[in-house]
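Beneath this line is the structure, given in structure tokens, with notes to follow.
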Amino acid sequence: MSRLLIKGGNPLRGEVRIKAAKNAVLPILAASLLTQDECVIKDVPHITDITYMLKIMGALGSSYTVDGDILAIKSEAPTHYSVPAEYAKELRSSLFLLGPLLGRVRRAVVAYPGGCDIGVRPLDIHLKGLREMGVAIEESHGKIYCDGTRLKGADVLLDFPSVGATENLMMAAASARGVTRISNAAKEPEIVDLQNFINAMGGKITGAGSDRIVIEGVEKLHGCEYTPIPDRIVAGTILIGGAVCGGDVTISNVIPDHLEPLLFKINKSACHLSLRSDNISITAEGRPRTFDKLETQPYPGFPTDLQSQIMVLMSVAEGTGVIVENIFETRFRIVRELIKMGATITVKDRTAVIRGVKRLEGAAVSAADLRGGAALVIAGAKAEGFTTIDNARYIDRGYESIERIFGELGVEINRLE
Ligand code: UD1
């Protein structure tokens with residue numbers, strides 16, 4: 001049991017440097033399976049989702065070393081093509097291994113993956129795309145068996161721009177025979193990063209960042225050194241923290257364009273933002289203003305991964321606002337916890353109505369998923385008195401020591417093991 005204890009009330013002041021994005025590093029690690037050479041990934045955060053991914057890849061026969069923030073991984077000759085069920089349950093991203101395993105050894109077995117329980121998260125789009133690329137797939141006893149002996153390029157139209165499915169198909173296609181065209185592809189910056197990584201390995205991918213990606217399969221990929229993009233969600237979490245608690249915060253090593261949907265919103269919320277090429281400062285005083293309506297959407301819309309954090313902002317803002325969650329159907333489980341802290345929120349289906357209150361009070365709350373957990377840290381930092389957050393292990397999946405990040409910004413926060 002891992003618990004955080006926070007004494008709220010301090011403004012946030014200081015500077016935080018952002019490391020590589022979890023959601024970029026995970027598919028990049030998976031893609032490193034496509035070559036027998038070593039890949040060196042830089043600026044890697046120490047978070048448990050990455051530790052899990054490395055464990056899984058170790059079980060497949062990859063070897064790796066971690067030296068500070070530099071990760072060297074080599075998959076000389078994968079010894080297994082079956083992702084162990086006990087790991088897959090912990091990490092939805094284990095699904096990413098389907099694509100590269102098929103590309104490299106033409107076979108893959110994956111147990112139905114886990115991850116944060118934030119909705120049904122089916123796999124139909126992944127599997128449909130792979131089938132169109134000639135992969136024979138059988139599902140039985142909670143496992144997915146894929147035979148990629150006939151893997152080949154194909155034209156694939158996604159029913160929804162799924163991030164994971166787009167990445168999986170890019171990886172399978174990178175070393176398949178022929179050309180693959182993915183239409184209605186996801187446009188997230190992490191997809192562009194995966195394209196850049198695979199191209200650095202000698203791949204031939206164009207179009208990432210648009211809704212049409214073209215992948216020309218190549219016979220052989222080679223090792224490379226790569227620094228993934230900074231984590232826009234960690235950056236956004238800290239900016240929202242600044243807007244909620246007040247103060248003066250700078251985040252460095254960010255790509256402001258990637259945060260545009262958030263910046264557009266908080267700019268309207270009584271904060272002052274200043275943007276430079278790779279850093280953003282926020283100065284906030286007094287009570288933020290709410291937003292009439294905010295809907296989560298695929299990129300470049302407002303990210304679902306910042307929805308819980310922005311809900312905390314709206315909980316203490318002036319006015320009444322509405323959030324519509326369009327991506328994951330159960331991403332409102334933080335609401336019950338925020339209500340314990342004095343928030344006024346009602347939920348019906350995918351819509352939450354938030355009437356801003358003047359203050360939150362510290363309470364004993366519990367994280368139910370990664371981003372909701374981080375949002376509770378912001379709420380605790382704002383609230384009067386003490387807040388304890390149970391199940392902080394969820395937060396560790398995607399934030400490298402959240403207590404250090406917020407502690408260095410002036411929040412009184414400690415971990416109780
Ligand atoms: C990725 C991110 C996650 C983020 C999400 C949406 C990683 C490791 N995780 O998750 O942090 O919240 O994008 O931006 O990058 N869906 C289907 N069928 C499928 C696949 C998805 O119906 O085969 C649905 C899901 O249930 C969900 C929606 O599509 O409702 C979005 O899922 P997707 O874009 O695939 O998200 P992930 O790749 O799982």
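Whatever order the structure lists them in is the order used to number ligands and atoms, beginning at 1. When a residue number appears, it is its place in the shown sequence, counting from 1.
Using a 4.0 Å cut-off between heavy atoms, Phe160 contacts ligand 1 through its side chain alone, with no backbone atom that close. With a 4.0 Å cut-off on non-hydrogen atoms, Ser93 touches ligand 1 through its side chain and not its backbone. The parts of Ile327 lying near ligand 1 are both backbone and side chain, judged by heavy-atom distances below 4.0 Å. Under 4.0 angstrom from ligand 1, the non-hydrogen atoms of Ile125 come from both its backbone and its side chain. Residue contacts with ligand 1, taken as heavy atom pairs separated by less than 4.0 Å, involve Thr304 solely via side-chain atoms from C-beta onward.
Considering Ile402, Leu376, Val365 as possible partners of Leu4, the one that fulfils the side chain to side chain contact (heavy atoms under 4.5 Å, CB included) test is Ile402.
Of the listed residues (Leu194, Leu26, Val163), the one carrying the non-hydrogen atom nearest atom 33 (P) of ligand 1 is Val163.
The shortest heavy-atom distance from Glu190 to ligand 1 is not under 4.0 Å. Remark: distances from the non-hydrogen atoms of Pro122 to ligand 1 include one below 4.0 Å.
Close approach of ligand 1 to Gly164 (heavy-atom distance below 4.0 Å) involves ligand atoms 35 (O), 38 (O).
Residue-to-ligand polar distances place Asn23 within reach of ligand 1: an N/O pair is separated by less than 3.5 Å. Looking at ligand 1, you won't find any N or O of Lys22 less than 3.5 Å from one of its N or O atoms. Taking distance alone, with nitrogen or oxygen atoms compared against 3.5 Å, Arg92 approaches ligand 1 more closely than that limit.
Side chains of Arg104 and Ser75: no donor on one and acceptor on the other come within 3.5 Å. Using modelled atom types and a 3.5 Å distance limit, the side chains of Ser308 and Arg333 yield no donor-acceptor pair.
For Arg17, the CZ atom counts as densely surrounded, since its 6.0 Å shell holds more than 12 non-hydrogen atoms of other residues, nucleotides or ligands. Open room surrounds CD on Glu76; 12 or fewer heavy atoms of other groups in view lie less than 6.0 Å from it. Within 6.0 Å of NE2 on His80 lie no more than 12 heavy atoms contributed by other residues, nucleotides or ligands.
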Salt bridge (Lys or Arg N to Asp or Glu O under 4.0 Å) evaluation trace for Arg331 with Asp305: CA-CA 9 Å; Arg331 255 201 170 163; Asp305 285 351; 2.8 Å; yes
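Looking at Asp43 and Lys19, no side-chain N of the basic residue comes within less than 4.0 Å of a carboxylate O on the acidic one, giving no salt bridge.
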